[in-house]
Number of protein chains: 2
Amino acid sequence: MAAETGSRVAKTAEEDPAVADESFEGVTPDAARRLLLGAVEAFAERGFHATTTRDIAGRAGMSPAALYIHYKTKEELLFQISKVGHERSVSVLAEAAEGGGDDADRLARAVRSFVRWHAEHHTTARVVQYELAALGAEHYEEIVGLRRRSEEILRGILESGDASGEFEVADIRGTTLAVMSLCIDVARWYSPAGRRTPDQIGGLYADLVLRMVASAGPSGPARAE
Amino acid sequence: MAAETGSRVAKTAEEDPAVADESFEGVTPDAARRLLLGAVEAFAERGFHATTTRDIAGRAGMSPAALYIHYKTKEELLFQISKVGHERSVSVLAEAAEGGGDDADRLARAVRSFVRWHAEHHTTARVVQYELAALGAEHYEEIVGLRRRSEEILRGILESGDASGEFEVADIRGTTLAVMSLCIDVARWYSPAGRRTPDQIGGLYADLVLRMVASAGPSGPARAE
DNA sequence: GTCTATAACCGGATAGAC
DNA sequence: GTCTATCCGGTTATAGAC
């Protein structure tokens with residue numbers, strides 16, 4: 001069954017060998033990085049449990065045994081991917097949220113960047129967002145901590161805008177969750193073959209989110225268009 | 001690793017034995033239904049590939065061999081779940097969209113019902129929405145057809161509302177996708193232990209979606225509150 | 001550090017008794 | 001229809017040569 005699945009899914013590395021994920025540039029030695037990249041691809045295409053160590057090692061041009069010199073287990077590979085990926089996405093979000101402008105500017109930039117990251121790195125993002133359940137308990141907790149930071153950044157903007165009257169948000173936690181869902185789910189359906197670029201999707205979503213939180217009054221500057 | 005995961009996830013059947021999924025009520029014989037229910041739980045907790053036939057059979061109070069009297073393969077079990085689940089969710093959405101009222105009423109009802117379904121049946125919904133990749137090629141295509149119907153229902157409402165001026169939607173296909181994402185992703189994070197009921201989440205999301213499509217003019221009746 | 005070979009185990013699926 | 005027993009292939013991980 002897994003074999004059939006593979007044929008339906010584009011092989012990311014073939015589409016775009018270099019950019020498949022520059023997030024892992026810093027990883028050394030070379031063999032460890034190649035394994036990480038192979039694992040990202042394989043996990044994204046087939047899922048963690050359906051991926052064999054043979055597959056990962058093969059993509060890195062190695063025998064299965066070589067994998068264990070660099071990583072104790074297959075799960076550790078997933079953990080590294082999740083960790084680096086989450087750190088990247090959080091830092092992208094944080095940077096966008098920190099810049100100047102009013103809360104609408106910050107929110108629009110944050111959503112646009114976060115969405116763009118999930119589209120551009122959809123291979124990594126898919127693993128990072130949808131294979132979490134395969135992590136061991138302690139690793140899982142560590143990753144959940146990183147996720148909470150993303151949520152807090154967004155919630156902070158909504159709270160600030162709501163307090164100043166720039167936004168009108170009835171349920172801040174619920175709306176934060178909805179915005180997160182919107183951004184994250186992009187990784188599930190995005191395809192480079194689609195009609196829109198990552199930045200276009202980011203722009204559309206930023207607009208939709210601004211509408212979700214816009215205050216009704218005529219003063220509301222957040223209203224798009 | 002899979003065992004550790006299990007301990008983190010609530011066992012749905014224990015929380016709510018009867019409602020775990022009444023979607024499968026009609027399935028006979030009894031043994032086939034029990035296997036289906038066991039498989040839904042197991043797939044939702046661990047994912048398709050991490051679930052063993054021994055686990056499924058065990059939950060149904062049977063030996064592994066008994067499973068093969070009712071289903072040819074483990075994949076067929078997943079297909080049945082996906083099929084019934086998708087049919088249910090599409091019919092919930094269609095029913096909500098068909099009722100009377102203006103397009104804002106129809107959209108609000110559709111989102112509310114669709115979200116409520118994904119929360120109430122989050123166990124089934126998780127399998128239905130996130131384990132699709134494990135299906136064989138033909139089964140996958142069949143399910144994708146059902147998914148398209150959901151999308152078309154929502155898009156139809158947005159198109160209608162946009163044409164009449166009741167809504168103002170710059171990118172209908174993109175916005176449809178965003179609304180779908182919002183609703184579907186509820187299945188990923190919803191927990192019965194959370195603060196909100198499925199209907200409350202549905203109400204919040206209906207409000208957010210109406211805001212996303214509301215026309216700017218003062219005549220816009222879609223503005224919530 | 002990487003390879004080949006293999007240990008130890010576990011998975012889906014089947015055979016045949018009841 | 002269900003069970004016990006089992007086959008067979010695949011999986012993680014290790015040992016030891018190079």
Side-chain angles (χ1 to χ4, degrees), chain A residues 1-7 24 27-43 45-81 127 131 133-137 139, chain B residues 1-6 24 27-43 45-82 127 131 133-137 139:
Chain A
M1 258 7 83
E4 293 171 287
T5 304
S7 64
F24 302 103
V27 178
T28 54
D30 184 66
R33 192 186 62 257
R34 273 168 22 232
L35 285 165
L36 219 48
L37 289 170
V40 169
E41 277 179 42
F43 292 162
E45 285 176 19
R46 312 194 193 300
F48 176 80
H49 290 290
T51 298
T52 66
T53 54
R54 292 187 216 297
D55 184 4
I56 297 170
R59 289 175 196 249
M62 289 177 223
S63 81
L67 187 151
Y68 291 94
I69 291 151
H70 302 283
Y71 302 94
K72 272 200 293 295
T73 64
K74 189 172 77 159
E75 190 265 356
E76 197 191 313
L77 224 22
L78 175 63
F79 175 59
Q80 289 301 330
I81 293 164
V127 176
E131 300 294 332
L135 287 171
H139 286 167
Chain B
M1 257 13 76
E4 293 170 287
T5 304
F24 303 103
V27 179
T28 53
D30 184 68
R33 193 185 61 257
R34 268 163 32 225
L35 285 165
L36 220 48
L37 289 170
V40 169
E41 276 179 44
F43 293 161
E45 285 176 19
R46 312 195 195 299
F48 176 79
H49 290 290
T51 299
T52 66
T53 53
R54 288 167 172 80
D55 182 4
I56 297 169
R59 290 178 196 246
M62 288 177 224
S63 79
L67 188 152
Y68 291 92
I69 293 153
H70 303 283
Y71 302 94
K72 271 201 291 297
T73 63
K74 190 173 78 159
E75 191 264 359
E76 198 190 313
L77 225 20
L78 175 63
F79 175 59
Q80 289 302 329
I81 293 164
S82 299
V127 176
E131 301 294 331
L135 286 171
H139 286 166

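Each chain gets a letter, A, B and so on, in the order the sequences are listed, and its residues count up from 1. What you see is a predicted model, and the numbers here were worked out from it, not measured in a lab.
In this entry the distance linking CZ of B:Arg46 with C1' of C:dG11 reads 14 Å, nearest Å. Taking atom CG on B:Leu67 and atom P on C:dA15, their separation rounds to 16 Å, with Å as the unit. Distance NZ (A:Lys72) to C1' (D:dT14): 15 Å, rounded to an integer number of Å. Summarising the geometry, the separation between CE on A:Met62 and P on C:dT4 is reported as 13 Å, rounded to the nearest angstrom. One can place OH of A:Tyr71 at 14 Å from C1' of C:dG1, the figure rounded to the nearest angstrom. Distance, B:Asp55 CG to C:dG12 P: 9 Å, rounded to whole Å. Between B:Phe48 atom CZ and C:dG11 atom C1' the separation is 12 Å, expressed in whole Å. Taking atom NE2 of B:His70 as the reference point, atom P of C:dA13 lies 16 Å away to the nearest angstrom.
The side chain of B:Tyr68 has C:dA13 as its nearest neighbour among D:dT12, D:dG1, C:dA13. Out of D:dT2, C:dA13, C:dG1, the shortest distance to the side chain of A:Ile69 is found at C:dG1. Across D:dC3, C:dT2, C:dG1, the shortest atom-to-atom separation from the side chain of A:Pro29 is found for C:dG1. Checking D:dT12, D:dT2, C:dG1 against every side-chain atom of A:Lys74, the shortest atom distance belongs to D:dT12. If you check C:dA13, C:dA5, C:dG11 against the side chain of B:Thr73, the one that comes closest is C:dA13.
Of the possible polar contacts, none joining the B:Tyr71 side chain to the B:Leu78 backbone as a donor-acceptor pair under 3.5 Å is found. In this structure, A:Glu75 contributes its side chain and A:Gly136 its backbone to a donor-acceptor pair below 3.5 Å.
B:Ser63 comes within 4.0 angstrom of a base, heavy atoms only. A:Ala65 comes within 4.0 angstrom of a base, heavy atoms only.
If you take CD1 on B:Ile56 and CG on B:Leu77, they are separated by 5.0 Å, rounding to the nearest 0.5 Å.
Taking 4.0 angstrom as the limit, A:His49 places none of its side-chain polar atoms (N or O) nearer than this to OP1 or OP2 of C:dG11. Applying the 4.0 Å criterion to OP1 and OP2 of D:dT11, one finds that A:Thr53 has every side-chain N and O outside that range.
Closest of all the heavy-atom pairs between A:Phe43 and A:Lys74 is CZ-CG, 4.2 Å.
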side-chain contact (heavy atoms from CB on, under 4.5 Å) between A:Met62 and A:Arg34, intermediate numbers included: CA-CA 10 Å; A:Met62 289 177 223; A:Arg34 273 168 22 232; 3.4 Å; yes

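For C:dG12, its base sits under 3.5 Å from the side chain of B:Arg54 at one donor and acceptor pair at least.
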